[in-house]
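Take a look at the structure set out below.
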Amino acid sequence: MFAIAHNSILRDSLAGILQLSPERVFDEYRPPPFTGNIVVGVEDLRDANLRFAVRYFLANVEKSISLFIVKQEWSENDEKFFDDLVKTEYRRAHDLNQVAIDRVNKLPDNEWKSDRLEQLNEWRTIPAINYSLLTLNDNLKNQIDALAKVTPCTISDDEEQITNKPPVLHWTADPLEGEIQFIAQLNFPLSGPDDSSFREICRLLKPHFETSYEWTGGILLTSDPVRLHVQRFNDTQIELAARICVDELEGDEADRPIRFIWPYLAVSLKQALQVLGEHPHLQYSISFVPFGSIFFKSSEIEARVFDATVFCSTALKYDKVGFRVGEDVHHVDIAHIFPDGTYPSLSRLLSMNPPSPRFSRPESVNDSVSPSLMSEPPTPGGLVAPHNRGRRVSFGTIKLMSDGPTTPEIPILNGNSNDGSAKTVDAFIDKMLQQTMDQLAV
């Protein structure tokens with residue numbers, strides 16, 4: 001059970017009466033950690049927490065959970081107002097669904113269109129949600145326990161603890177110079193999944209990548225040369241952003257870098273949709289966001305958001321996609337997004353698989369290269385920086401400054417030298433470094 005209330009006094013009262021721990025009490029709506037009953041305390045029925053909570057229940061109506069609205073006192077007008085609020089949210093859900101259907105109906109006939117229409121029609125009917133209007137009093141917990149339909153869920157103490165620190169040193173808000181990015185956005189018109197479902201998506205992606213760093217807001221995965229950043233930005237949007245540095249590629253690889261991205265983005269999207277498919281009323285749409293001037297005919301355009309069904313249907317029919325910015329019409333470079341042709345359906349796209357992490361390098365390379373050059377010890381959080389590729393960066397050179405002969409002195413390590421500092425290679429290196437530092441200090 002979770003409690004939400006903007007008013008701090010009301011929030012504290014609910015926490016005390018319902019005997020809830022601090023991590024189950026919120027000041028404003030957010031996707032709950034896991035499926036459960038929600039108690040919303042309000043003073044004014046126009047409170048935004050109510051609307052968001054109702055939308056969450058519309059998206060999870062098949063579950064045996066209940067919404068409890070708690071107020072100091074109720075009037076007949078209050079009860080009617082809330083009933084109308086619920087009807088308004090049902091009507092909003094229906095209208096959004098109908099707008100999406102009308103838009104897709106205008107597209108040329110293809111599998112993208114037919115699959116999306118089938119999905120939207122399945123979401124047209126939403127059963128009634130369970131909710132109760134209750135008055136704040138000392139007997140509130142007993143009332144809710146009597147009405148609740150689910151067994152209370154507890155968080156196990158031995159569950160893996162996840163840091164709340166994002167990988168700011170390994171992922172920037174926008175691609176760096178020389179990088180391109182392609183994003184698949186999952187948008188939820190009603191409400192997104194709870195945190196347990198989001199965490200399941202993140203866990204299912206790990207086996208497909210070489211390294212991973214997970215935090216409370218998402219996960220960063222790497223299979224050289226591709227990085228995939230999965231993040232939940234709010235309760236209605238999850239973003240899967242795949243990024244690659246073109247400067248690291250050579251020859252034909254650099255001509256169509258998206259070929260590296262699609263297999264990883266496809267398998268990640270497939271895993272995410274499988275999890276969402278376990279919730280039949282959790283409505284969503286997919287958007288594609290190409291990020292980088294390489295994806296557009298005009299170098300003035302860096303990024304653009306497209307509905308995936310509209311984008312692919314248009315590309316299949318006309319082999320081009322245009323869009324308007326002000327009075328100007330711009331076009332996408334389809335060959336750089338779909339170098340092997342536009343995927344005929346979402347299922348065809350999702351059938352792609354990336355190379356297995358175990359065989360991401362040829363065996364001949366693994367056998368001939370020292371293990372120390374292949375990997376390094378993991379950093380905190382599990383993030384590992386692979387060594388087989390790297391951005392070309394010049395750090396210049398360090399020149400030994402000396403008034404003496406330029407020919408370096410090579411010690412004879414035969415154990416008979418009277419100079420004890422030159423008996424080992426380490427000692428010799430230390431000596432040379434010290435000489436350099438002494439001369440630099442002059």
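Please read all numbers here as calculations on a predicted model, not as lab measurements.
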Taking the ring of [Y] and the ring of [X], is the distance between their centroids below 6.0 Å?
X	Y	result
Phe2	Phe34	yes
Tyr284	Trp123	yes
His170	Trp215	no
Trp262	Phe338	yes
Phe182	Phe288	yes

Would you kindly say whether [X] and [Y] are connected by a side-chain donor-acceptor distance under 3.5 Å?
X	Y	value
His208	Ser268	no
Asn137	Thr135	no
Asn110	Ser313	yes
His229	Arg243	no
Asp47	His6	yes
Asp115	Ser345	no
Lys80	Asn77	no
Asn142	Asn139	yes

Roughly how far, to the nearest 0.5 Å, is [atom2] of [Y] from [atom1] of [X]?
X	Y	atom1	atom2	answer
Leu205	Leu228	CG	CG	6.5 Å
Tyr131	Asp83	OH	CG	4.0 Å
Ser347	Lys270	OG	NZ	10.0 Å
Arg116	Lys113	CZ	NZ	14.0 Å
Leu282	Glu278	CG	CD	11.0 Å
Ser13	Leu136	OG	CG	5.5 Å

Within 45° cone and under 6.0 Å: Arg30 NZ/CZ vs Phe26 ring
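The answer is yes, since Arg30 meets both limits relative to Phe26.
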Check whether NZ of the Lys or CZ of the Arg Arg232 lies under 6.0 Å from the centre of the six-membered ring of Phe198 and within 45 degrees of that ring's axis.
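Here Arg232 passes the 6.0 Å and 45° test against Phe198.
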Sub-4.5 Å side-chain heavy-atom contact between [X] and [Y]:
X	Y	answer
Thr216	Thr163	no
Asn121	Asn97	no
Leu45	Leu50	yes
Leu221	Thr211	no
Val39	Leu134	no
Leu249	Ile244	yes
Leu273	Ile286	yes

Is the CZ atom of Phe233 crowded by more than 12 outside heavy atoms at less than 6.0 Å?
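More than 12 heavy atoms, drawn from other residues, nucleotides or ligands, come within 6.0 Å of this atom.
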What verdict does the salt bridge (charged side-chain N to carboxylate O under 4.0 Å, His left out) test give for Asp95 and Arg91, after you've listed the backbone C-alpha separation in whole Å, the side-chain angles of each residue and the deciding distance to 0.1 Å?
CA-CA 6 Å; Asp95 291 346; Arg91 187 162 52 251; 5.4 Å; no
Tell me the closest heavy-atom pair linking Pro189 and Leu96, and the distance in Å.
CB-CD1, 4.0 Å
Go through it in stages, so that I can follow the logic: the residues are Arg199 and Glu214, the test is salt bridge (charged side-chain N to carboxylate O under 4.0 Å, His left out), and I'd like the CA-CA distance, side-chain angles, deciding distance and then a yes or no.
CA-CA 9 Å; Arg199 295 257 65 87; Glu214 189 173 5; 3.0 Å; yes
Parallel, tilted or perpendicular: which fits the ring planes of Phe311 and Phe306, with parallel below 30° and perpendicular above 60°?
tilted
Salt bridge (charged side-chain N to carboxylate O under 4.0 Å, His left out) assessment of Arg324 paired with Asp328:
CA-CA 6 Å; Arg324 188 181 297 276; Asp328 300 324; over 6 Å; no
Consider side chain to side chain contact (heavy atoms under 4.5 Å, CB included). Of Tyr29, Phe52, Phe57, which one does Ser191 pass it with?
Tyr29
Going through the checks in order, is the salt bridge (charged side-chain N to carboxylate O under 4.0 Å, His left out) test met by Arg227 and Glu179?
CA-CA 11 Å; Arg227 287 176 295 156; Glu179 292 180 333; 2.7 Å; yes
Verdict with supporting geometry, Thr342 and Ile334, side chain to side chain contact (heavy atoms under 4.5 Å, CB included):
CA-CA 8 Å; Thr342 305; Ile334 296 295; 4.1 Å; yes
